[in-house]
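This is a predicted model, so every value here is computed, not measured. Labels below follow one simple rule: chain letters A, B, ... track the order of the sequence lines, proteins then strands, and each chain is numbered from 1.
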Number of protein chains: 2
Amino acid sequence: MSSGRGHHHEPAGAWTGHAESALRAAGHRSGGARSSVIAQLAASDCCATAQEVHDAIRASGQRVGLASVYRVLDQLVAVGAVTRVEFGDGVSRFEPAPPDGSHHHHLVCERCGVVRPFESPELERAIHGVGDRERFRVETHEVVLHGRCPDCLPKRA
Amino acid sequence: MSSGRGHHHEPAGAWTGHAESALRAAGHRSGGARSSVIAQLAASDCCATAQEVHDAIRASGQRVGLASVYRVLDQLVAVGAVTRVEFGDGVSRFEPAPPDGSHHHHLVCERCGVVRPFESPELERAIHGVGDRERFRVETHEVVLHGRCPDCLPKRA
DNA sequence: CTGACAATGAGAATCATTCTTATCACAGAG
DNA sequence: CTCTGTGATAAGAATGATTCTCATTGTCAG
């Protein structure tokens, strides 16, 4: 599963470049910790915790401070190149945000812990409608569905 | 805003009784901390943090341990009498769950911090549809919209 | 009324995250 | 090319919410 080649329409390299130029545009300089974090995020196509990113970087032999991982992730979120996701377990997860502005939400299996992304134009439409009706300018939104994945459903027969 | 009388269809007392019998049915005994927490939750018609519940109880002169507040809140969530809400700021909030199963979600203003509940059958329908399509048995779901409330929108003219 | 066992409270322990601070590396001036 | 200012970095301390521990208290069944 680590091959990560192409069930997305854009190559992972595209996001890497996007992230780095976004940071540069925001006035940040480049550095070792930054490239490591960006490379690591690009490598995992699903969301990862700061701790996981840190561990993966250390595993690849690089020495990066945990605080630097958090700082870089915050900067990436601030420039919109990364999305912060929270599943309610007290840990933030991060995933690359496609430059085209598309986004998805997550299904979390309460039994096996698997996380699966999904998209739903209908859901997005409903959320947009709520914003209009409540006269709220909705800037971001989070939707997390908890339940049982197909593998963890008690199937009979 | 503390009068709290009746823009809901059911009296606060109804929920209090519901919560206590739900706990009893789950095999829990009653105690001082429990009644304090339930009473406090019933008093505030919007979501409150464990710390806020604790402070309010102490303010009323009762001596209740913070750990007990957390424990009782967990039990209430477990029996479905309370809903846990997370806005992504690292703090859990809790609010009474109506016995009739109805529920709402929240709009959070990023500027003034005000929280407003909303309901949207369309949104619920969309979520239900996602579960069907993904063959996921959705048991709970959380939706939080972040943005600007009407008061914090830059209005001109 | 009494025993068994859950509930409680105080503080310690844990865990993710943020802060502090000394050091480091790169960009531009000279 | 070398010097110097500024942002980046690493390590560990600090913070804050939540959970755990355990001695004690209170509840409820019999």
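- Applying the side chain to side chain donor-acceptor pair (under 3.5 Å) criterion to A:S36, with sequence neighbours excluded, gives A:Q62.
- For B:R135, the side chain to side chain contact (heavy atoms under 4.5 Å, CB included) test picks out A:P150, with sequence neighbours left out.
- Residues passing the side chain to side chain contact (heavy atoms under 4.5 Å, CB included) test with A:E86, sequence neighbours excluded: A:R84, A:S92.
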Whether each nucleotide of nucleotides 6-13 of chain D has a protein heavy atom under 4.0 Å at its base (B), only at its sugar-phosphate (S) or at neither (-) is summarised, 5' to 3', as BSSBBBB-

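- A straight line from CG of B:D74 to P of C:dA7 spans 13 Å, rounded to a whole angstrom.
- Atom-to-atom, CD of B:E20 to P of D:dC28 comes out at 11 Å; the value is rounded to the nearest Å.
- If you take CD of A:E86 and P of D:dA17, they are 15 Å apart, rounded to a whole angstrom.
- For the pair A:Y70 OH and C:dC19 P, the computed distance is 13 Å after rounding to whole Å.
- In this structure, B:H54 places its NE2 atom 15 Å from C1' of D:dG16, rounding to the nearest Å.
- Residue A:F118 shares its hydrophobic cluster (ILVMFWY side chains chained together at separations under 4.5 Å) with A:L107, A:L123, A:I127, A:V130, A:F136, A:V138, A:V143, A:L145, B:L107, B:F118, B:L123, B:I127, B:V130, B:F136, B:V138, B:V143, B:L145.
- A donor-acceptor contact under 3.5 angstrom links the side chains of A:E124 and A:H105, judged on distance only.
- Checked against side chain to side chain contact (heavy atoms under 4.5 Å, CB included), B:T49 has the following partners two or more places apart in sequence or in another chain: B:Q51, B:E52, B:V91, B:R93.
- For the pair A:R84 CZ and C:dA16 C1', the computed distance is 12 Å after rounding to whole Å.
- Remark: the B:H146 side chain and the B:H106 side chain contain no N/O donor-acceptor pair separated by less than 3.5 Å.
- Remark: P of D:dT19 and CG of A:D89 are 11 Å apart, rounded to the nearest angstrom.
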What side-chain donor-acceptor pairs closer than 3.5 Å can you find for residues 18-29 of chain A, not counting sequence neighbours?
from: A:S21; atom 1: OG; to: A:G17; atom 2: O; distance (Å): 3.1
from: A:S21; atom 1: OG; to: A:H18; atom 2: O; distance (Å): 3.1

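- B:H128 pairs by the side chain to side chain contact (heavy atoms under 4.5 Å, CB included) definition with B:D132, not counting sequence neighbours.
- For the OP1/OP2 pair of C:dA16 and a distance below 4.0 Å, the side-chain nitrogens and oxygens of A:S92 include no atom meeting the criterion.
- Overall, the helix from C:dC1-D:dG30 to C:dG30-D:dC1 carries an axis bend of 30° between its ends, with five pairs at each end and the value rounded to 10°.
- B:T49 comes within 4.0 angstrom of nothing in the nucleic acid, heavy atoms only.
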